[in-house]
Amino acid sequence: MAHALQAARAYPDGVDVRPLSDDIAAEIRGVDLGRPLSDAVFGAIYDAWLDHQVLLFRDQALTGRQMVAFSRRFGELDPAPGTGTGPGPTVVDGVPEIHVISNVMEDGRLTGSDGVDECVWHNDMRDTDLPPKACCLYALEVPEAEGDTGFLNMYTVYELLPGALQERIEGRTIRHVAEAARDGLGAAGADVARLPGVSQPLVRTHPATGRKALYLGWRRGSSVSGLTATESEELLDVLWVHVEELGRNSWHNRWRPGDLVLWDNHCAMHRRCAYSAGARRILHRTQVKALPR
Ligand code: SIN
């Protein structure tokens with residue numbers, strides 16, 4: 001199922017790109033992300049990201065600033081969601097772009113966010129006007145052999161949809177209502193269409209690869225434009241069956257400290273797997289702004 005680009009591409013010497021499954025993700029060896037990258041090396045990483053949607057770099061030792069410097073090669077960064085609000089996020093190295101994912105308590109306060117919401121397939125920040133085009137996750141402390149993160153190739157999900165279903169969703173948008181997602185209002189029967197939300201194209205054409213991907217964002221609090229609530233729920237149920245089916249065999253990263261994973265947040269969905277109560281899990285995330293549509 002690998003895309004033709006993968007076979008055709010020649011990467012410069014020293015950048016070793018090893019696919020991790022037939023369909024998604026590659027490990028990049030031979031690159032220290034803590035050092036400034038030449039344009040040739042960065043170009044190879046960028047091409048590999050387009051080809052594989054998810055890149056894994058092992059054994060990195062990055063400060064917050066180094067992680068931000070690498071992420072910025074992909075474009076301007078979005079600040080961490082929720083920065084500056086409430087008891088909320090810990091600021092790392094004075095950089096507001098790092099979102100801390102953590103279940104660790106310090107001084108009676110959670111040092112990051114680590115909700116169960118991450119355990120279902122989703123795209124990060126789908127309820128913002130322009131969800132980031134790429135996200136980076138860097139592991140500091142992770143439980144052994146659990147708490148993996150799975151990634152799902154949404155080009156493939158789209159390409160395997162029956163033609164009639166592809167036609168049915170072409171040109172439609174999907175609307176996300178953060179409030180409904182958070183409070184389960186849709187499931188509780190509230191009229192989600194009346195709540196403020198943002199719309200994203202349901203089928204996204206990647207500006208660089210020209211390939212189409214299904215963009216669902218998240219299930220709860222979402223609805224498809226131009227349909228009644230019932231029609232929208234029926235259509236989303238059908239689309240999500242495809243996601244769940246393909247997701248069963250998708251590639252998951254079994255985290256090791258020092259892993260950095262970079263993914264295309266428009267063409268890949270991800271989810272975290274469960275881990276034992278009492279295990280510590282701390283990762284840093286950056287999010288690269290999408291270009292305005
Ligand atoms: C995320 O959803 O961005 C985080 C996933 C994870 O913690 O594995």
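Atoms within each ligand, like the ligands themselves, are counted from 1 in listed order.
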Problem - Polar proximity ligand 1 side, E118 side, N/O cut 3.5 Å exclusive - result: no

Practice task
Verify whether one side chain among Y155 and D264 offers a donor that lies under 3.5 Å from an acceptor in the other.
Solution key: no

Exercise for the section: Could you tell me if the ring centre of H99 sits under 6.0 Å from that of H284? Expected result: no

Practice task
For the pair H252 and C273, evaluate side chain to side chain contact (heavy atoms under 4.5 Å, CB included) and give the outcome as yes or no after the intermediate values.
Solution key: CA-CA 9 Å; H252 283 63; C273 299; 3.5 Å; yes

Exercise for the section: Of the side chain and backbone of R271, name the one, both, or neither that has a heavy atom under 4.0 Å from an atom of ligand 1. Expected result: neither

Problem - Heavy-atom closest contact (P143 atom, A279 atom, distance) - result: CB-CB, 3.8 Å

Handout entry: Residue, atom name and distance, where the atom is the protein heavy atom closest to atom 4 (C) of ligand 1
Key = I101 CD1, 3.4 Å

Problem - ligand 1 to R285 polar contact by distance, N or O atoms, under 3.5 Å - result: yes

Exercise for the section: Give a yes-or-no answer on whether the side chains of S232 and S223 include a donor-acceptor pair shorter than 3.5 Å. Expected result: no

Handout entry: Sole candidate of E170, E159, Q166 that passes side-chain hydrogen bond (donor to acceptor under 3.5 Å, both in side chains) when paired with K212
Key = E170

Practice task
Give the residue and atom name of whichever protein heavy atom lies nearest to atom 2 (O) of ligand 1, and the separation in Å to one decimal.
Solution key: H122 NE2, 2.8 Å

Problem - N or O contact, R281 vs ligand 1, cut-off under 3.5 Å - result: yes

Exercise for the section: State whether the shortest distance between N or O atoms of W255 and N or O atoms of ligand 1 falls below 3.5 angstrom. Expected result: no

Completion exercise
protein heavy-atom neighbour closest to atom 5 (C) of ligand 1 works out as L137 CD2, 3.9 Å

Exercise for the section: May I ask you to check whether F70 and F57 place their ring centers less than 6.0 Å from one another? Expected result: yes

Problem - Geometric N/O contact R272 with ligand 1, under 3.5 angstrom - result: no

Exercise for the section: Please determine if E76 and K133 form a salt bridge, counting it only when a charged side-chain N lies under 4.0 Å from a carboxylate O. Expected result: no

Problem - Protein residue, atom and distance nearest to atom 1 (C) of ligand 1, heavy-atom basis - result: H270 NE2, 3.3 Å

Fill in the blank from the handout: So the atoms of ligand 1 within less than 4.0 Å of a heavy atom of T149 turn out to be 6 (C), 8 (O)

